[in-house]
Amino acid sequence: MLPRLHAAAALYDTIVGQALAKPHKAPPFTMPGELLRQHTGQDWPTWRQLMTQPPSWGDYDGYQPRT
């Protein structure tokens with residue numbers, strides 16, 4: 001069995017480092033985006049907030065959820 005040599009920590013540091021340097025590589029709702037959000041403690045909008053802010057496709061206008 002080969003040693004892992006802190007693979008998880010090194011991968012985390014690499015992903016977060018890239019996301020800090022180039023935020024477009026870590027959009028919301030992606031794994032890099034979530035790691036960046038956790039690292040920075042930044043509040044990100046919810047899915048619904050993103051879908052209803054201008055410019056919007058109007059997907060939620062008049063929408064009635066099924067119960």
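What you see is a predicted model; the values in this text were computed from it and never measured. Side chains included, hydrogens not; waters and symmetry mates left out as well; all remaining heavy atoms used.
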Applying side chain to side chain donor-acceptor pair (under 3.5 Å) to T46 and not counting sequence neighbours gives Q49

Across all chains, not counting sequence neighbours, the side chain to side chain donor-acceptor pair (under 3.5 Å) partners of E34 are R37, Q38

Tracing side-chain contacts under 4.5 Å among Ile, Leu, Val, Met, Phe, Trp and Tyr outward from I15 reaches L11, Y12, V16, L20, M31, L35, L36, W44

Pairs involving residues 13-24, ordered by first then second residue, that meet side chain to side chain donor-acceptor pair (under 3.5 Å) (sequence neighbours left out)
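The answer is Q18-K25.
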
